[in-house]
K.L.:
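First the structure, which I've put down as structure tokens, then a few questions once you've had a look.
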Amino acid sequence: MHGYDHRAIERKWQERWEKEKLYETSHVPAGKKKYYLLTEFPYPSGNLHIGHWYAFAVPDIFARFQRMRGYHVLYPIGFDAFGLPAENAAIKHGRHPRDWTYDNIARMTAQLKSMGNMFDWSRQVITSDQEFYRWTQWLFLRLFEAGLAYRATELANWCPSCKTVLANEQVKDGACERCGTEVGKREQASWFLRITAYADRLIDDLDNLPWPEEIKESQRNWIGRRRGAELPFALVNEQNPEAPVRTVRAFTTRADTLFGATYLVIAPEHSLVQELMPLVHNKEEVQEYVHAACAMREIDRLAEDREKTGVILRGVAARHPLTGKMLPVLLADYVLAHYGTGVVMGVPAHDARDYLFARGRGLPVVPVVVPERLFREKGARGADEMPLPYTGEGVLINSARYDGMPSQEARRAIVHDAEGQARTTYRLRDWSLSRQRYWGCPIPIVYDPEGTPHAVPDEHLPWTLPEDVDFTPSGKSPLASSKELRERTERLFGKGWKPEVDTFDTFVDSSWYYLRYADPHNAAAFADARLLADWLPVDRYSGGAEHTTMHLLYSRFWHKALYDLKLVPTPEPYIERFNHGQILGPDGKKMSKSRGNVVDPDEHVARVGADAVKLYLAFMGPYHTPANYPFDLGGIAGMRRFLERVVRLSEKQRTDTAPPRDLARLLHQTIRKVTEDIPAFKFNTAISALMVLLNRVDKETVLATQVYETFLRLLAPFAPHLAEELWERCGHTTSIHLQAWPEWDAQLVQEEEVTIVVQIDGKTRATFAAPRGLSREDVVQRAREVPHIASRLEGRAVRTTVVVPDRLVNFVTAPPHT
RNA sequence: GGGGAUGUGGCGGAAUCGGUAGACGCGCCGGCCUUAGGAGCCGGUGCCCGUUACGGGCGUGGGAGUUCAAAUCUCCCCAUCCCCACCA
């Protein structure tokens with residue numbers, strides 16, 4: 001094994017580090033800068049997979065580096081322990097979700113420890129612990145008191161055979177994943193948090209965050225802020241058009257096209273539909289359509305290539321707010337109930353969806369906006385040359401007294417005259433918190449005999465999850481089957497009081513877990529205010545790209561709400577954010593059990609050691625780009641080879657004399673490269689630089705001690721066990737991980753000689769070495785003297801000579817092409 | 001459908017204030033060492049042509065453009081991956 005017994009070395013140091021509490025993080029000492037590095041905590045699914053290694057072992061490089069640079073670093077770990085899979089295990093194997101979960105946590109903890117990360121295990125949080133979830137409940141109650149929580153109904157996927165609500169991922173091709181029954185929708189009462197009340201701040205505050213632009217853009221689009229207006233349309237019974245039944249408001253961002261509105265569309269699931277039913281002549285047809293539309297998934301409904309379906313409400317008409325004309329009213333599933341007002345004015349000439357819908361239904365298409373240039377040339381006749389639908393802005397035509405007005409101006413005038421009102425809407429919807437599941441944090445709400453909800457008072461927290469439940473799906477939440485919970489509620493609140501039986505979405509737990517790391521054992525508060533002030537905000541948060549618009553947005557919202565309540569010290573929870581990529585199977589495909597391409601990290605750790613596995617994961621590609629990397633067995637062998645060469649290097653004879661100048665320069669160039677690459681999460685090029693240094697250092701027969709020990713310190717964050725072992729073998733008695741990070745000598749780093757590239761007409765023809773800082777004239781002179789260049793330039797006129805100092809000379813002989 | 005990202009040798013990738021494309025590693029080829037080697041060491045390795053040396057042409061998904069100079073900037077196209085509300 002060439003003297004590299006990774007098993008012995010890794011076991012030895014993991015035990016010693018734990019014994020010496022090397023990674024326990026104290027309070028931030030006065031005068032020391034803190035650094036809070038966070039990675040998304042894992043769900044205890046059963047076994048650690050290679051993706052966990054990628055998520056936790058690689059950022060550990062940065063954590064260790066920051067520590068050596070003098071920061072007081074917090075790099076915590078915990079478990080996002082509530083969730084549906086535990087309950088599935090209970091149903092399938094008859095195990096209690098708690099036992100299943102905590103067994104998994106025990107196994108995964110051992111596996112996580114085999115990484116040798118600098119996790120501070122004394123700060124571990126587990127969201128399903130009572131000591132954690134009592135504070136989840138406590139925080140929710142503060143939001144409840146602040147008016148941010150409310151109860152309403154929503155539609156959920158429902159399997160009538162399994163009698164359970166389904167997650168989108170449990171629905172395969174419109175059928176229940178478990179039993180194959182066709183999935184329907186069901187109205188479901190739910191608690192919501194008013195995330196939409198924070199929509200503007202969630203968008204606007206992104207401007208000041210140093211996040212990657214693509215993550216910010218994703219969040220902006222997800223929130224989907226649209227400024228527009230609501231315009232009133234009176235609905236009438238066609239038999240009696242003079243007496244409006246009621247007025248509805250249609251949301252539009254294009255009020256300037258109002259004169260092009262030739263019909264009105266209502267979302268099929270809109271409550272208005274049932275209200276209008278008594279007036280409708282074709283009731284049966286309409287009901288059938290509503291039923292079919294409700295069964296469909298939203299993304300399918302919105303697919304634009306799909307043929308648009310709809311049905312007319314016979315007997316009902318809408319009065320155009322400005323012309324007074326009667327317009328037909330239809331239902332169509334391309335209109336969504338929860339966006340805007342769920343009512344849309346149909347303007348086929350200027351909206352692609354309306355156009356497709358109206359065509360073939362005989363609904364009139366009336367152009368009312370023409371592009372400005374066309375208008376200038378042809379006036380209103382320009383409309384004849386305009387391809388429909390035209391969705392851009394322009395100048396109004398066919399619009400009575402608004403003719404000739406530009407879109408923008410017309411919008412204001414029309415909204416005003418039609419008695420509409422400016423309104424901003426968002427694609428984002430309020431956050432539905434309730435889950436009809438057992439293994440989650442109980443919602444601390446009870447209902448009085450009249451059914452009015454009340455907060456469970458703080459002194460009764462934790463509002464514990466009952467044990468005596470039946471997991472067999474019954475159509476109700478599992479907690480409804482608990483006698484203990486029922487009795488507890490009546491005992492504490494009185495006869496006829498009932499408990500809330502839903503549990504929280506697990507995104508609630510993960511919306512604040514990073515706060516608890518600051519003060520994980522506090523029994524009197526979710527965290528001490530002073531400690532929060534010390535540690536927050538999180539300096540850098542790394543995780544998967546799939547959380548960009550959900551977890552990341554939910555927790556930003558939750559944090560802002562707590563900030564308004566003066567419970568946290570900062571308006572944003574995370575300063576920097578990086579999304580990392582995914583590890584694919586060796587076949588380049590997403591890992592899955594069914595494909596049989598799942599990589600088991602334990603096997604590789606046993607074979608080549610944790611340091612080699614970590615090094616390989618860090619080397620396979622840049623960490624700050626969410627790309628996908630296939631796991632390559634040859635690559636991991638290469639990392640093992642690198643570490644074996646390091647071990648062999650350690651056996652080389654050493655000297656206290658200074659290294660050769662070129663080696664000293666390379667050493668300092670390496671320090672600079674590694675120091676710049678680690679904080680940028682470019683671990684792959686940092687490791688490459690270490691390899692280059694090793695290749696050079698290997699050529700020495702006697703190695704300067706100073707070079708060797710500096711190399712070990714540079715290696716320490718990447719291969720913490722081996723570096724520590726070799727450091728000890730140098731005779732040092734304090735851990736390498738407590739050493740200062742090496743500094744580079746800026747003077748020495750500069751190459752004294754540079755390579756000048758000589759081009760003719762932009763093509764590289766030769767290179768030559770020259771001292772740094774040569775004058776323009778001298779460089780050109782030398783370039784001309786290069787034999788190969790001289791012969792090529794013979795008899796040709798040089799029109800221009802481009803010189804980039806210390807880099808290149810380009811002789812231009814050809815005429816410029818135009 | 002919407003949103004986000006990514007395309008460079010046989011493979012992962014490197015190089016982006018425009019300035020030697022392919023660092024480093026894997027793989028492959030040749031040699032040394034060895035009882036043996038799936039160990040180690042040395043050398044080579046983008047493709048095509050030429051080969052005595054020096055060489056020549058083409059090359060960063062495809063096509064156009066800007067420039068003395070484009071993987072990098074602009075426009076159009078193609079392909080792949082990820083997310084889209086009771087998964088975490």
Side-chain angles (χ1 to χ4, degrees), chain A residues 1-2 40-45 80 82-85 154 156-157 164-170 188 190 214-215 217-218 220-222 224 298-306 427-429 431-437 440 502-503 505-507 510 544-551 554 579 581-582 584 588 590 616 619-622 625-639 641-642 644-645 648 682 684-685 687-692 695 698 755-767 787-788 799-802 804 807-814 816-817:
Chain A
M1 276 289 216
H2 301 276
E40 288 160 358
F41 62 163
Y43 176 75
S45 50
D80 191 11
F82 277 133
L84 183 61
E154 64 172 347
N157 295 319
T164 181
V165 173
L166 297 176
N168 266 348
E169 74 157 17
Q170 294 173 301
Q188 190 77 51
S190 176
E214 61 269 18
I215 301 182
E217 196 55 21
S218 276
R220 286 190 196 106
N221 286 325
W222 183 257
E298 188 169 296
I299 35 180
D300 298 330
R301 273 177 54 173
L302 288 176
E304 261 178 34
D305 49 355
R306 206 181 119 245
R427 205 184 75 103
L428 184 72
R429 282 183 271 158
W431 174 13
S432 160
L433 302 178
S434 306
R435 300 291 180 265
Q436 279 71 52
R437 307 289 188 207
D502 289 349
T503 54
D505 177 8
T506 55
F507 280 124
S510 55
E546 68 276 19
H547 289 119
T548 298
T549 49
M550 298 165 72
H551 160 62
Y554 289 139
N579 287 349
Q582 264 189 55
L584 305 176
K590 202 170 173 169
Y616 170 63
F619 186 68
M620 65 181 10
T625 317
N628 297 325
Y629 306 105
F631 191 87
D632 173 40
L633 295 170
I636 205 167
M639 295 303 118
R641 247 184 314 241
F642 169 69
E644 283 172 2
R645 288 179 67 196
R648 257 177 279 134
K682 285 164 33 175
N684 54 334
T685 47
I687 293 167
S688 153
L690 290 175
M691 289 170 165
V692 170
N695 288 344
D698 249 356
T755 304
I756 305 287
V757 172
V758 189
Q759 298 183 330
I760 295 175
D761 295 328
K763 282 201 196 302
T764 300
R765 295 299 177 184
T767 62
H788 189 56
R799 295 184 57 260
T800 330
T801 306
V802 180
V804 181
R807 263 209 133 126
L808 127 164
V809 176
N810 185 12
F811 296 109
V812 184
T813 66
H817 48 87

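To find a chain, count down the sequence lines: A is the first, B the second, and so on, and within it residues start at 1.
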K.L.:
Between B/A85, B/C24, B/A21, which one does the side chain of A/Thr764 approach most closely?
P.N.:
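The closest nucleotide is B/A21.
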K.L.:
As a test of reading the structure: which of B/C41, B/A14, B/U20 is closest to the side chain of A/Thr685, going by heavy atoms?
P.N.:
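Closest nucleotide among those given: B/A14.
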K.L.:
Could you check whether A/Ser434 gets within reach of a base, just the sugar-phosphate, or nothing at all, counting any heavy atom under 4.0 Å?
P.N.:
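Base contact.
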K.L.:
By nearest atom, which of the nucleotides B/C86, B/A14, B/A85 is closest to the A/Tyr554 side chain?
P.N.:
B/A85
K.L.:
From B/G12, B/C24, B/G19, pick the nucleotide closest to the side chain of A/Val692?
P.N.:
B/C24
K.L.:
Checking A/Asn684 side chain against A/Met620 main chain: does a donor-acceptor pair fall under 3.5 Å?
P.N.:
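No, because the side chain of A/Asn684 does not come within donor-acceptor range (under 3.5 Å) of the backbone of A/Met620.
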K.L.:
Can you tell me the Watson-Crick or wobble partner of B/G9, both distances under 3.5 angstrom?
P.N.:
none
K.L.:
With both distances under 3.5 Å as the test, what is the Watson-Crick or G-U wobble partner of B/U20?
P.N.:
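When the pairing criteria are applied, nothing turns out to pair with B/U20, so the answer is none.
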K.L.:
With respect to the phosphate group of B/C68, does any side-chain polar atom (N or O) of A/Thr800 fall under 4.0 Å of OP1 or OP2?
P.N.:
no
K.L.:
Report the base-pairing partner of B/C54 (Watson-Crick or G-U wobble, both distances below 3.5 angstrom), or none.
P.N.:
none
K.L.:
Please check the phosphate of B/G2 (OP1 and OP2 only) for any side-chain N or O of A/Arg220 closer than 4.0 Å.
P.N.:
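For B/G2, OP1/OP2 do not have a side-chain N/O of A/Arg220 under 4.0 Å.
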K.L.:
Rounding to a whole Å, what distance do you find between A/Glu217:CD and B/C83:C1'?
P.N.:
15 Å
K.L.:
Taking only the side-chain nitrogens and oxygens of A/Arg427, find out if one of them lies under 4.0 Å from OP1 or OP2 of B/C84.
P.N.:
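Looking at the OP1 and OP2 atoms of B/C84, neither is under 4.0 Å from any side-chain N or O of A/Arg427.
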K.L.:
Side chains of A/Arg427 and A/Asn221: do they bring a donor and an acceptor to under 3.5 Å?
P.N.:
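No, A/Asn221 and A/Arg427 have no side-chain donor paired with an acceptor closer than 3.5 Å.
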K.L.:
May I ask you to verify if any side-chain N or O of A/Asn684 is less than 4.0 angstrom from the OP1 or OP2 atom of B/A14?
P.N.:
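Indeed, a polar side-chain atom of A/Asn684 lies that close.
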K.L.:
Please work out if A/Asn579 contacts a base, only the sugar-phosphate, or nothing of the nucleic acid, heavy-atom cut-off 4.0 Å.
P.N.:
nothing
K.L.:
Are the ring centres of A/Phe631 and A/Tyr616 closer than 6.0 Å?
P.N.:
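Here the rings of A/Tyr616 and A/Phe631 have centres that are less than 6.0 Å from each other.
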K.L.:
Which nucleotide in the list B/A88, B/G25, B/G4 gets nearest to the side chain of A/Glu546?
P.N.:
B/A88
K.L.:
Does B/C41 have OP1 or OP2 sitting under 4.0 Å from an N or O in the side chain of A/Arg641?
P.N.:
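Negative; the distance criterion is not met.
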K.L.:
Would you classify A/Pro42 as touching base, sugar-phosphate or nothing, given that sugar-phosphate means primed atoms plus P, OP1 and OP2, and contacts are heavy atoms under 4.0 Å?
P.N.:
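Touches nothing.
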K.L.:
Look at all strands and tell whether A/Ser218 reaches a base, only sugar-phosphate, or nothing, counting heavy atoms closer than 4.0 Å.
P.N.:
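Answer is sugar-phosphate: A/Ser218 comes under 4.0 Å of backbone atoms only.
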K.L.:
Determine the contact category for A/Thr548: base if any of its heavy atoms lies under 4.0 Å from a base atom, sugar-phosphate if only primed atoms, P, OP1 or OP2 are that close, otherwise nothing.
P.N.:
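Since no nucleic acid heavy atom lies under 4.0 Å of A/Thr548, the category is nothing.
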K.L.:
Over all strands shown, is A/Leu166 touching base, sugar-phosphate only, or nothing at heavy-atom distances under 4.0 angstrom?
P.N.:
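Contact class for A/Leu166: sugar-phosphate only.
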K.L.:
Judged by each residue's nearest nucleotide on RNA chain B, which is more toward the 5′ side, A/Trp431 or A/Gln582?
P.N.:
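The 5'-side residue here is A/Gln582.
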K.L.:
Just to be sure I understand the rule, does A/Asp505 reach a base, reach only the sugar-phosphate, or reach nothing, if contact means heavy atoms closer than 4.0 Å?
P.N.:
nothing
K.L.:
Using the closest heavy atom to pick a nucleotide of RNA chain B for each, name whichever of A/Ala637 or A/Thr625 lands nearer the 5' end.
P.N.:
A/Thr625
K.L.:
Please classify the nucleic acid contact of A/His551 as base, sugar-phosphate, or nothing, using heavy-atom distances under 4.0 Å.
P.N.:
nothing
K.L.:
For a quick test of reading the model: is some side-chain N or O of A/Arg765 closer than 4.0 Å to OP1 or OP2 of B/G56?
P.N.:
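For A/Arg765, the contact criterion (side-chain N or O under 4.0 Å from OP1 or OP2 of B/G56) is met.
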K.L.:
Using a strict threshold of under 4.0 Å (side-chain N to carboxylate O), is an ion pair present between A/Glu644 and A/Arg641?
P.N.:
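No salt bridge links A/Arg641 with A/Glu644.
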K.L.:
Expressed in whole Å, how much space separates the P atoms belonging to B/C83 and B/C11?
P.N.:
26 Å
K.L.:
Taking only the side-chain heavy atoms of A/Val757 (C-beta and beyond), determine which of B/A14, B/U20, B/C68 contains the nearest atom.
P.N.:
B/U20
K.L.:
Regarding A/Glu40, tell me which of base, sugar-phosphate or nothing describes its non-hydrogen contacts under 4.0 Å with the strands shown.
P.N.:
nothing
